[in-house]
Amino acid sequence: MISPRIGSRVRAQRCARGFVAFSLTAGLLAAPHFIAVSPAAAAVTAVEDTDAGTVELSLSAGLHGVIQPGVALTTSITINNSSDEELPAGRVAIELNRTPLADRTAVTSWLDAGETGGEFDLLSSELSTAVPASETAMISAVTPVTTLGVLADGVYPLRVTLEDGTTGDASDTDAPRSITANSVLIVSAGAATQVTIMVPITATPADGALLTADELSTLTAPDGALTAQLDGISGTAAVLAVDPLIPAAIRVLGSAAPLTASDWLARLETLSNERFALQYGDADATVQAQADLPELLSPLPFTSYLNEANFLQTEGTATPSPSPSPSPTPTAPALPTDDELTMIDAEESGILWPLGDVNTADLAKFATYFDSDVTTILPSSSIAAPTGALIEIDGDNVLVMDATASATLSDAAAEEDAALREHEIAEALAQLTFTGGHTPLLVGLDRDENRTADALRETILSLSTISEPIGLDALRTAAPASATLAVESSADRVAVLSKLLADEAHLAAFSSILDDPLVLRSPERLQILRLIGVGASDSYAEDAGTHQAKTSTTLNAVGVQQPSPIQLFTSAAPLPVWVRNDLPWPVNVTLTSTPSDARLDVQPTKDFVAQPANNERVKVPVEARVGSGELEVSFSLSSPTGVPIGVDQTAKVTVRAEWENIGLGILGGVIALLLVLGVVRTVVRRRKAAGQPTSVASEDSAEEVTGE
């Protein structure tokens, strides 16, 4: 399976803080509970109560929360009754606070906690029908301009209250049970702001190395995740940030690539969207700079992934008619280079999109990684006082991504429920409204490999309600403003990367036992790149620990098995040694045998090939120079380049060479006894023949008949 990525932690935090539940009175436990779904709670799934149940309420206004001045307001209310009881008919009241929210902090306070100043005016009151158990009802209301009034451009608190019409007995004071959901109304006279939105396109294989043909078939199928990414982007002005290992995985398969994957790549290349390449595997450049790597990590040669049979070309020589045309003959395969495999067509160069915990030294290090100028994309949370989309820090260009709006839009793009997605979009647009007068703006979606096409497309297009698109190249060539960084780097990830690279060095030495070391080394490098990926930062340490354990298993996959005690009953005989190879490839190793005493002469080295997934028996010739005694023989493995392999083992050898002489004496005695018995039998027979000729003659005739 393709592992999921990105945005889950942020969404969970935002959902948790926006989740509000109202318990019922003790006398009404049989009725459904009410739960208000605020914009921040769009991804929450209400939990069913064992005695009652839950009801979710959501509100959307205008087009993604936006209307122009002087037009009527259309609102939609969604009531989702997920309980096992019918929700009684009631009434919904839509109210507007005509005091606009002052800034982003006020937007957050209102949507998350319902806190705002000013008074609310009733815009509309609508009857709600009864909602059967486990069903959803929609209510629409239109507020005319005469009721809405003249509103200046700004963001206004909007809320809806549902009262289900159920009250207590006349003797008590129970009021109708109600629930309130908060939203915003954005009044915008036009699309004055310019916004660039970036969409990362990534895909993580199950083994963490390169996508397989089966995985590509799944991802690029009509309902596949990669297909959904292109479907959602097509026809928009989004800037694509593509992991170059995706096209590499398709191209290395040559003619064996799934047709859907080849079509997907061709479609990507024909899109008119601006694009740039992420680092291989979306590897984070920040941790590499902080680890003081001389250059950014890149894949090792892809030759171990290439099958020449998939790159054969055919050609035929035309012959004059009417001679038959010759059959095409295969020519030498033209294998693609690594640059050809990882190429992103029409990409903009010199762009880095790392994690945001950078310092000024990191920015200077980034410049050394590229032959030309580099532009680093950082979230606004990394900048002390962001003053625009393009800033300059100590001579290094930085594109500033609006962190708050980017996180909210990422939540929207990941939300499959249309009504709840509307809330997320409205909140993001409200945040983007407070730009401080600075334009243009840059937003970027989280790394997420499981977005639906509809959610992604609607999220991207929603920006057009308050802005107009601007190209990435235009952002990079604008006049930069000065700013400073406001974050501190973390040493934890650097320490983990150092361990991963140390293990890789051990694996590189170990791989010298293989005919093609790249079959082991290339996947290892790709896995390291993905482990330090931007989208994998939440589980970085845990995933790295799991990988280190697997690497340790690989380094111990070849070795000498612990031998049993050996009894040597002759002065010269082979010692049996078993060598284990758990790898899926044959390995070339040298067995070194070292006796503990010079009285035992052992063949010092023996080269051999251990077959894959097999225990290989090796016979080591020995010769004892002593009649009896106890010795030890140490066995070790090494690669053809002298790298120690596995753990050394020691065998206890008991020599009983005197038994060989005793055995020979006994055998000689038996032979001598047989010779004596034969001579005696011959003499006896001759004596009998001399005394009884007739009988002897008869006996001889009988022997001739019987063949004796």
Side-chain angles (χ1 to χ4, degrees), residues 7 10 39 63-66 100-108 153-155 184 186-200 233 236-241 273-276 348 351-353 356 375-393 397-413 424-446 456-483 485-486:
V10 175
L63 180 59
H64 306 304
V66 181
L101 298 170
D103 50 30
R104 292 187 174 191
T105 302
V107 172
T108 301
D153 285 7
V155 180
V184 290
I186 305 167
V187 180
S188 176
T193 304
Q194 293 178 315
V195 177
T196 299
I197 182 169
M198 301 181 301
V199 179
I233 291 165
T236 72
V239 176
L240 312 184
N273 302 69
E274 289 182 290
R275 68 203 64 189
F276 64 92
E348 289 200 35
I351 299 178
L352 279 177
W353 189 0
T375 300
T376 305
I377 300 172
L378 295 178
S380 56
S381 55
S382 299
I383 312 300
T387 55
L390 181 65
I391 62 174
E392 185 179 74
I393 300 176
N397 288 336
V398 174
L399 280 175
V400 181
M401 184 177 64
D402 191 305
T404 304
S406 296
T408 309
L409 286 172
S410 296
D411 292 343
E424 297 287 358
I425 291 175
E427 181 179 359
L429 297 183
Q431 293 164 347
L432 287 173
T433 301
F434 298 99
T435 62
H438 301 294
T439 184
L441 298 174
L442 176 66
V443 295
L445 300 185
D446 290 342
L456 177 59
R457 186 176 187 81
E458 184 178 5
T459 300
I460 296 173
L461 294 178
S462 68
L463 292 172
S464 63
T465 58
I466 63 167
S467 66
E468 59 183 19
I470 181 175
L472 183 64
D473 186 61
L475 284 182
R476 297 181 69 188
T477 56
S482 298
L485 294 172

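For the numbers below, each heavy atom of this structure counts, side chains included, while hydrogens, waters and symmetry mates do not.
The distance from the CD atom of Q431 to the OG1 atom of T105 is 10.0 Å, given to the nearest 0.5 Å. Considering CG of D402 and CG of L442, their distance stands at 8.5 Å, rounded to 0.5 Å. Distance CG/N397 to CD1/I391: 9.5 Å, rounded to 0.5 Å. To the nearest 0.5 Å, the span separating CD1 on I197 from CG on L409 amounts to 5.5 Å. Rounding to the nearest 0.5 Å places CD of E458 at 13.5 Å from OG1 of T236. Here the straight-line distance linking atom CD of E468 with atom CG of L463 works out to 12.0 Å at 0.5 Å rounding.
The closest side-chain heavy-atom distance from L378 to V400 is not below 4.5 Å. When side chains are defined from C-beta on, T196 does not count as touching E274, because their heavy atoms never get closer than 4.5 Å. Contact check for L472 versus L399: side-chain heavy atoms found under the 4.5 Å cut-off. Side-chain contact between T193 and I466 is absent, with no heavy-atom pair separated by less than 4.5 Å.
With hydrogens and angles ignored, the 3.5 Å screen pairs no side-chain donor or acceptor of T376 with any backbone N or O of L352.
Heavy-atom minimum distance, I393 versus A483: CG1-O, 3.5 Å. Across every non-hydrogen atom of F276 and E348, the tightest pair is CB-O, 3.4 Å. The two residues L432 and A405 have their closest heavy-atom pair at CD2-CB, 3.5 Å. Across every non-hydrogen atom of L445 and S410, the tightest pair is CA-OG, 3.3 Å. In this structure, L475 and A389 approach most closely via the heavy-atom pair CD2-CB, 3.9 Å. The two residues H64 and S462 have their closest heavy-atom pair at CD2-CB, 3.6 Å.
With respect to M198, the side-chain contact (heavy atoms from CB on, under 4.5 Å) criterion is satisfied by exactly one of L240, I351, I377: I377. Considering T108, V184, I186, T433 in turn, V184 is the only one that fulfils the side-chain contact (heavy atoms from CB on, under 4.5 Å) rule with L101.
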